[in-house]
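Being a predicted model, the structure only gives us computed values, none of them experimental. Any value given below was found using the heavy atoms of this structure, including those in side chains, with hydrogens, waters and symmetry copies removed.
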Amino acid sequence: MQLRAKACVPGVAALLAALLTGCSGTSGIGDESDDSKPGGSGSSNAPAEPGKYRTLPEPCGELDEDTLDAMLPGIPEMEDVEQREKAYEGTPTVTYDTDRRVGCNWKVESTGASHHLLVDFERVVSYDGTVSDDARAAEVYATKLRDAGLSRPSGSPTASGDEDEEKDKDKGGSGDEDKGDGTGGASQVGDKPQGGKNARVDDDKGSRKGSDKDAKGAKGSGEEQDGTADPSESAAPPPGLEPRTLPDLGDEAFLDDALTTAASASRHRTVTVVFRTSNVIVTIEYDEQPGRRTDVPDSKEMQDKAQDLADMLAGEFNE
C-alpha cells in the first residue's frame, strides 16, 4: 500500500502542474476587446468616410420671391396673378435619381429681354471604398473648373493633384464655347439690359448709319464690315470681371462669364457660378438675352446677382 501511494504522488504533481499552466494561459483572454475594434493593420482596410449630405433639397422651393423678382424682372411685370405664381414655381429638371441630382429652371420674358435661371444640385457618391465622397466630389468639381479654362489656386490643398491631371489631359479652356451656350442643354438666363458703358453702339459711329450690323461689343470694341463683332475683342468681360475662382464660397468655387456674339441673333451673356460644399456641387446658370441686337448685358450686375444667390444657397446647406 505504501508503494502504491508513493506512485500516485508524481501523477498528482503532474496534474497540478497542467492545471496551473492552463490558468496562466488565460491571461491573454482580456485582449479580445481589442480584436472586436478594428485597429492596427485592420484600420487601413476601413472604408472611406461617406459625405456630409445624404439627401438633396428641392431647388424650386429654395428661392424666395424677392430673389426671383431681382433676377427675373419679367415676373413682377406680369399682371395675371396665376401666371405670376406659376412663374415663381419654376420647372423641375428631369433627372433619373432625385437622391443624386435635382434642378430647377425659370424662364421669363420681360419688356426688354429674355431671362433664364438654372439651379442644379448634384450629390456625389464614391463607389470606390478607398475614396471618400468628398474626394470624389472634388474630382468632379476639378473637371468643371478645367472646362471653364481655370485652375485651382496654387495654395489650395488639391492644387497639386490638378497639375498632374492637367498634364495628362491638356484640355484647358476647351469648354469655354460650350459654356457660352449653357450646359446640359439648358436654356439661357439673364437680367435687364443695361445702359451705360456696356450697353450700346458708340454714338460717335453714327456716320456708319447706325446699322445693326455695326453694333459694338460691351467695351465698344471694333466692328467688322459684315456686322459680326470680333469675339476676341467684344466677348471678354470688363477688367476685374474675368472668369475666376471665388475664395469665400463653400469649400471651393469659381465663376465663369461668357458673352455669345452671333451675326444673326442678339447677344446673350451667361454667368455661371459653381461651388462645392462637402460632397454636393451647386451650379447656377444665369442668362440674359436682350431684345435688341445692339444691347449687351451688363456683366457686373449679372455676376453680383449670381454670387448673391450662391451665397444664400451655401448658407442654406450649412444650416
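- You'll find the side chain of His268 reaches within 4.5 Å of the side chain of Thr270, heavy atoms only.
- Within the 4.5 Å cutoff, no side-chain heavy atoms of Thr67 are placed close to those of Lys305.
- Of the listed residues (Leu72, Asp64, Leu68), just one forms a side-chain contact (heavy atoms from CB on, under 4.5 Å) with Tyr88, and that residue is Leu68.
- In this structure, Lys144 NZ and Glu139 CD are separated by 14.0 Å, a value rounded to the nearest 0.5 Å.
- Residues Thr272 and Tyr286 are not in side-chain contact: their nearest non-hydrogen atoms beyond the backbone lie 4.5 Å or more apart.
- A pairwise comparison of heavy atoms in Val296 and Arg267 identifies CG2-NH1, 3.6 Å as the closest pair.
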Apply side chain to side chain donor-acceptor pair (under 3.5 Å) to Thr93 and Asn105, showing your working.
CA-CA 7 Å; Thr93 303; Asn105 287 279; 3.2 Å; yes
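- Side-chain contact between Val282 and Asp120: absent, with no pair of heavy atoms (C-beta onward) separated by less than 4.5 Å.
- Distance check: Glu252 CD to Arg276 CZ gives 4.5 Å after rounding to the nearest 0.5 Å.
- With salt bridges taken as basic N to acidic carboxylate O contacts below 4.0 Å, one links Asp295 and Arg292.
- Between Lys300 and Asp304, at least one side-chain nitrogen of the basic residue sits less than 4.0 Å from a carboxylate oxygen of the acidic one, meeting the salt-bridge criterion.
- The structure places OG1 of Thr260 at 9.5 Å from CZ of Arg269, a figure rounded to the nearest 0.5 Å.
- Here Cys104 contributes atom SG and Glu58 contributes atom CD; the two are 6.5 Å apart, rounded to the nearest 0.5 Å.
- Hydrophobic clustering (ILVMFWY, side-chain heavy atoms < 4.5 Å, transitive): Leu56 and Val125 are in distinct clusters.
- Between Asp133 and Val124, the shortest heavy-atom contact is CB-O, 3.7 Å.
- Contact of the Pro92 side chain with the Val102 side chain is not registered, since no non-hydrogen atoms from C-beta on lie closer than 4.5 Å.
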